[in-house]
Protein chains: 2
Amino acid sequence: MMSALRVAIAQINTVVGDLDGNVGRATAAIEAAAAADADVVVLPELTVTGYPVEDLVLKPGFVRASKVAMEKVAASTGSCVAIVGFVDGEGDDVWNGLAVCAHGRVVGVYHKRCLPNYDVFDELRTFRAGAEPHQLYEIAGVAVGVTICEDAWIADGPVTELARGGAQVIVNINGSPFAAGKVPVREKLLRDRISEGGVPIVYANLVGGQDDLVFDGGSMVLDGSGRLIARAERFVENLLVMDMPATPTSSIEPYPRVAVTTGRESARPPVESPMAAVLDPSEELWRALVLGTRDYVHKNGFRDVCLGVSGGIDSSLVATLAVDALGAEHVHAVLMPSRFSSEHSVADAERLCANLGIDSRTIPIEAAHRAFLEMLEPSFGDLASDVTEENIQSRIRGVVLMALANKFGWLVLTTGNKSELAVGYSTLYGDTAGAYACIKDVWKTTVYELCRWRNEQAGFELIPESVLTKVPSAELRPDQRDDESLPPYDVLDPILVSYVEDDLTVAEILAMDLAPAETVRRMCRLVDIAEYKRRQSPVGVRVSQKAFGRDRRIPMTNHFRG
Amino acid sequence: MMSALRVAIAQINTVVGDLDGNVGRATAAIEAAAAADADVVVLPELTVTGYPVEDLVLKPGFVRASKVAMEKVAASTGSCVAIVGFVDGEGDDVWNGLAVCAHGRVVGVYHKRCLPNYDVFDELRTFRAGAEPHQLYEIAGVAVGVTICEDAWIADGPVTELARGGAQVIVNINGSPFAAGKVPVREKLLRDRISEGGVPIVYANLVGGQDDLVFDGGSMVLDGSGRLIARAERFVENLLVMDMPATPTSSIEPYPRVAVTTGRESARPPVESPMAAVLDPSEELWRALVLGTRDYVHKNGFRDVCLGVSGGIDSSLVATLAVDALGAEHVHAVLMPSRFSSEHSVADAERLCANLGIDSRTIPIEAAHRAFLEMLEPSFGDLASDVTEENIQSRIRGVVLMALANKFGWLVLTTGNKSELAVGYSTLYGDTAGAYACIKDVWKTTVYELCRWRNEQAGFELIPESVLTKVPSAELRPDQRDDESLPPYDVLDPILVSYVEDDLTVAEILAMDLAPAETVRRMCRLVDIAEYKRRQSPVGVRVSQKAFGRDRRIPMTNHFRG
């Protein structure tokens with residue numbers, strides 16, 4: 001069968017605001033696609049500006065710069081047609097757009113019609129919805145309809161309109177962030193669109209980390225029957241090249257077509273469509289955390305990180321992730337034992353560092369601990385010890401880590417997980433102090449799963465087994481155990497998922513009979529109270545459908561107890 | 001002239017999520033309006049839930065609770081018609097609504113049609129836009145049209161439609177946050193609507209603080225010629241009662257009317273319309289800062305605050321604001337001199353505390369300072385002193401303040417101003433550590449103006465004159481001066497206003513010739529870099545049209561240098 005159209009998907013890692021850099025990334029990808037004899041190369045959403053650009057779009061000068069960058073990319077094109085995302089418009093009329101370019105110029109522009117304004121997305125804040133009449137691009141004789149991301153999520157929306165208007169192939173360019181288990185959701189969605197219009201879809205996704213978001217790539221092509229016929233690797237840059245089977249056209253109300261000459265005349269041997277393997281849940285999660293952490297550090301101009309390593313499971317996991325993200329030589333562990341630290345904790349922390357092959361140092365906090373207690377003695381007098389003294393220890397550790405980071409140009413990674421962040425089981429300016437919170441969106445029960453998975457991959461106890469089996473403790477007072485203040489994590493996490501991710505009320509959760517009523521009430525109340533802590537905590541990789549942060553905008557001053 | 005309609009505006013201070021409390025506040029206001037022989041009483045936007053409710057609306061149980069609370073308010077009504085805001089709907093169809101209630105029941109419901117999704121507003125995220133056919137409410141023989149907030153900001157929008165459809169009075173209920181100089185903007189806006197429809201507008205606004213927002217009240221009534229005929233006090237709860245002059249009706253396409261019997265038959269003596277005085281810019285700003293601070297503290301269940309008082313102007317201002325907000329007996333000053341503190345600073349701080357009559361204590365930080373330097377010596381070795389050591393001092397102060405707050409149940413107020421927050425002239429987890437940042441949206445040049453204004457009000461040097469005249473210094477190293485690192489504030493602030501509030505690019509600011517090019521470039525770059533600090537800094541009162549926070553959503557990872 002002769003190929004109708006050779007399609008390349010350039011799954012590249014753009015950087016927000018780096019217009020010159022993104023132009024370079026785009027032109028290199030276009031060149032590589034041309035070298036692979038592609039007729040068309042598809043780049044991710046907002047290629048030249050990076051994604052998401054948020055309120056940068058409100059700067060008119062930024063929009064102008066985006067258009068200039070877009071012209072530069074267009075100028076670099078030859079006979080391989082490039083579909084490139086950019087911010088278009090001026091004044092109050094600004095769109096999330098794409099340009100179809102060839103032979104050094106922009107042939108046509110499309111503006112995203114469906115703007116997501118939920119979860120982490122605020123696109124109605126900054127963009128107008130596109131509303132121009134539809135048109136198709138005839139590329140190598142094939143009628144191609146172009147759309148952007150959310151356009152494909154809407155039933156009987158732009159994708160289906162274009163199919164009904166004569167498109168033989170739909171291109172959909174995306175900035176679709178990772179969430180655990182999202183790949184089947186995307187595939188179902190594309191199949192839903194194909195069931196409406198019967199036209200193949202080329203789904204191009206961004207890859208890379210941007211603040212709290214990780215874009216996982218996983219670009220793919222589905223044929224007109226909804227069958228997956230090509231899939232790119234996830235979490236890495238990739239140029240997917242495939243030959244699109246010829247598709248019949250059956251237009252009932254044909255849209256106007258813009259002919260784009262590709263100039264290619266000679267036959268070419270067919271290419272085999274790549275089909276990347278599916279990742280299991282722990283692996284996709286691990287790779288998301290690694291990529292998010294790496295890109296936050298590198299894109300912000302840093303190479304090295306430090307973190308407090310306590311011998312507990314959270315800091316052990318984060319140290320291991322950091323090594324996978326940045327390389328062992330760029331990770332610096334700091335052991336900061338206090339008068340309450342157990343011997344086994346120190347031993348576990350040391351063993352972990354040795355296993356990972358990372359720099360480690362021990363800075364006992366006793367001197368500062370004693371100094372603060374003396375400084376505060378005139379104020380505190382005979383008052384009993386309470387959480388105040390526990391917080392002081394945690395904050396001393398925060399000061400030490402920040403001092404090392406300041407002096408040596410490192411970033412501090414924090415080690416709190418989503419369960420702790422939810423109930424506020426942390427010290428603000430203490431263990432929450434740092435630039436990036438790698439596992440802030442990972443429930444504690446999943447923390448265990450990830451450690452076990454990573455040890456399996458390593459083939460030995462990379463994270464010492466004793467770390468996985470000991471009773472969790474913050475070790476901020478003698479013989480402290482997490483389970484004195486909180487229910488066991490396998491009881492706690494389902495309550496928190498219901499309250500935080502599923503937006504259930506306390507009454508609804510009580511009806512689920514997950515734990516004693518008093519426990520459920522107290523845990524949900526802790527979630528409310530801890531909102532002020534979360535507001536001042538660092539960002540970290542979003543891996544769920546509802547992370548703390550811009551995904552969940554709950555007032556701090558909030559008397560609702562339902 | 002006989003009054004056609006007696007209108008009461010209940011400018012009340014609702015609390016977000018406090019549905020029972022808000023029902024109580026609403027019913028008390030309705031009772032007071034009835035006692036004043038009002039025909040109709042108008043309450044603020046989202047009366048029963050508080051405003052803004054943000055993602056609480058995504059909890060179906062919250063929406064159900066709102067409707068139950070609304071029924072309770074309706075049940076309390078008699079012959080005085082009440083117009084009450086609430087969240088209406090269920091499932092995916094949820095509206096920002098209001099109910100017209102009388103004689104114990106809901107007579108009709110209106111859904112906000114124009115949803116703001118800019119600045120601090122995200123209403124398209126949580127609400128659907130109302131689209132039901134218009135109707136009017138005939139109250140005491142007068143045709144009343146009802147609208148909500150943004151509905152009145154749109155030219156030829158709902159207000160004007162209702163006027164053309166026969167309304168003789170338009171009611172507009174608001175949750176309109178304060179920004180400096182906003183009152184004339186609101187008045188102009190209402191006049192614009194009146195110029196379109198020729199119908200009087202009853203503008204009811206919320207009062208009180210909610211996290212970063214302050215609602216300033218200032219409810220008002222404009223007649224059909226656009227003349228202001230009644231105005232409520234600002235920054236306080238108020239029941240404004242006024243007699244609306246009779247208005248002719250001239251409907252070209254009349255909307256259906258719902259007759260609401262008011263049951264009042266006897267004549268009543270006319271009331272005089274209140275007309276609150278206009279506040280000058282310093283006074284309105286001062287009162288906004290005071291109300292925002294007071295409500296954050298009180299609505300979150302606290303009575304007392306502490307803060308570090310250095311003898312500098314920012315902490316002097318915040319201490320004075322705190323006293324006005326909470327009372328001198330609830331403010332605790334902490335002097336934390338270091339080896340670099342000057343004698344005059346300590347003396348100024350002590351004098352301020354004496355003037356304010358507040359509790360103060362001195363906790364020198366030397367012991368902890370020395371302890372940290374010793375703990376870090378093995379890591380730092382012979383490396384030169386730099387910003388690391390400065391940050392350590394600031395962070396020690398943060399630990400001390402948080403320890404006092406934890407032990408005594410106080411909140412910590414931070415003292416950074418908008419200029420510092422902009423360029424990152426602060427230490428994360430140091431002077432940024434605290435619950436509420438009272439002056440985070442006040443430029444440094446305005447800090448001086450406010451201090452001078454407050455001293456004038458006091459009639460003496462409440463804030464010592466030496467605080468106002470000394471060269472600003474963080475005193476974190478010997479002889480440090482702010483103007484070694486930064487241009488003078490009267491040069492700096494206009495650059496920052498252009499870059500932050502006006503969204504100009506560096507190139508555009510350079511063309512304004514405000515300072516040497518190198519200075520402009522460096523300051524704008526500092527603003528970009530400091531984004532990570534601002535993300536972890538506490539909220540504080542928003543007083544400008546673009547505060548740092550949800551008003552300005554700029555990525556941290558951002559390579560744009562334009």
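Below, chain A is the first sequence line, B the second, and so on; all start at residue 1.
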> Given A/Glu508 and B/Lys59, is the salt bridge (Lys or Arg N to Asp or Glu O under 4.0 Å) satisfied, shown in steps?
Replying inline: CA-CA 11 Å; A/Glu508 288 163 330; B/Lys59 280 190 186 275; over 6 Å; no
> A/Asn391 versus chain B, heavy atoms under 4.5 Å apart: side chain, backbone, both or neither?
Replying inline: side chain
> How close do B/Arg361 and A/Ser379 get, heavy atom to heavy atom, and via which atoms?
Replying inline: NH1-OG, 2.9 Å
> What's the shortest heavy-atom distance between A/Lys407 and B/Leu383, and which atoms?
Replying inline: CG-CD1, 4.0 Å
> Pick from A/Arg125, A/Glu54, A/Arg395: which one has the most heavy-atom pairs with chain B under 4.5 Å?
Replying inline: A/Arg125
> So which part of A/Pro116 gets closer than 4.5 Å to some heavy atom of chain B, the side chain, the backbone, both or neither?
Replying inline: neither
> What option among B/Gly21, B/Ala403, B/Gly209 has the most heavy-atom pairs under 4.5 Å with chain A?
Replying inline: B/Ala403
>> If I measure from the heavy atoms of chain A, does B/Glu389 come under 4.5 Å with its side chain, its backbone, both, or neither?
In response: side chain
>> Taking side chain as everything from C-beta outward and backbone as N, CA, C, O, which of these in A/Pro364 sits under 4.5 Å from a heavy atom of chain B? Side chain, backbone, both or neither.
In response: backbone
> Contact part of A/Ile396 toward chain B, heavy-atom cut-off under 4.5 Å: side chain, backbone, both or neither?
Replying inline: both
>> Please classify the contact between B/Leu58 and chain A as side chain, backbone, both or neither, with a heavy-atom cut-off of under 4.5 Å.
In response: both
>> Is B/Arg370 close to chain A through its backbone or its side chain, or both, or neither, when contacts mean heavy atoms under 4.5 Å?
In response: neither
> Non-hydrogen atoms of chain B under 4.5 Å away: do they reach the side chain of A/Leu124, the backbone, both or neither?
Replying inline: both
>> Between B/Ala367, B/Gly61, B/Ala368, who has the most heavy-atom pairs with chain A when the cutoff is under 4.5 Å?
In response: B/Ala368
> With a 4.5 Å limit on heavy-atom distance, are the side chains of A/Arg535 and B/Pro538 in contact?
Replying inline: no
> Would you say the side chain of B/Phe372 lies within less than 4.5 Å of the side chain of A/Val400, judging by non-hydrogen atoms?
Replying inline: yes
> Side chain, backbone, both or neither: which part of A/Lys546 has a non-hydrogen atom closer than 4.5 Å to chain B?
Replying inline: side chain
> Where on A/Ser385 is there a heavy atom nearer than 4.5 Å to chain B: the side chain, the backbone, both, or neither?
Replying inline: backbone
> Side chain, backbone, both or neither: which part of A/Val506 has a heavy atom under 4.5 Å from chain B?
Replying inline: neither
> In Å, rounded to the nearest 0.5 Å, how long is the span from CG of B/Asp55 to CG of A/Asp503?
Replying inline: 7.5 Å
> Angle class for the A/Phe408/B/Phe380 ring planes (parallel below 30°, perpendicular above 60°, tilted otherwise)?
Replying inline: perpendicular
> Who passes ring-ring contact (aromatic ring centres under 6.0 Å, His included) against A/Tyr296, sequence neighbours left out?
Replying inline: A/Tyr436
> Of all of B/Leu56, B/Ile363, B/Ile392, which one pairs up most often with chain A through heavy atoms under 4.5 Å apart?
Replying inline: B/Leu56
>> Please rank B/Met402, B/Arg550, B/Glu374, B/Lys299 by heavy-atom pairs under 4.5 Å with chain A and give me the top one.
In response: B/Met402
>> Is B/Ala433 close to chain A through its backbone or its side chain, or both, or neither, when contacts mean heavy atoms under 4.5 Å?
In response: both
> Given that the side chain runs from C-beta out, which part of A/Asp119 has a heavy atom under 4.5 Å from chain B: side chain, backbone, both or neither?
Replying inline: backbone
>> Measuring from atom CG of B/Asp122 to atom CG of A/Asp122, what distance do you get when rounded to the nearest 0.5 angstrom?
In response: 5.5 Å
> Can you say whether B/Leu376 sits under 4.5 Å from chain A via the side chain, the backbone, both, or neither, judging by heavy atoms?
Replying inline: side chain
>> Counting only non-hydrogen atoms closer than 4.5 Å, can you tell me which residues of residues 552-562 of chain B sit against chain A?
In response: B/Arg552, B/Arg553, B/Ile554, B/Pro555, B/Met556, B/Thr557, B/Asn558, B/His559, B/Phe560
> Which atoms of A/Asn22 come close to chain B, meaning under 4.5 Å heavy atom to heavy atom: side chain ones, backbone ones, both, or neither?
Replying inline: neither
> Can you tell which of A/Thr505, A/Asp18, A/Asp20 has the highest number of heavy-atom pairs within less than 4.5 Å of chain B?
Replying inline: A/Asp18
> For B/Tyr118, is it the side chain, the backbone, both or neither that has a heavy atom under 4.5 Å from a heavy atom of chain A?
Replying inline: backbone
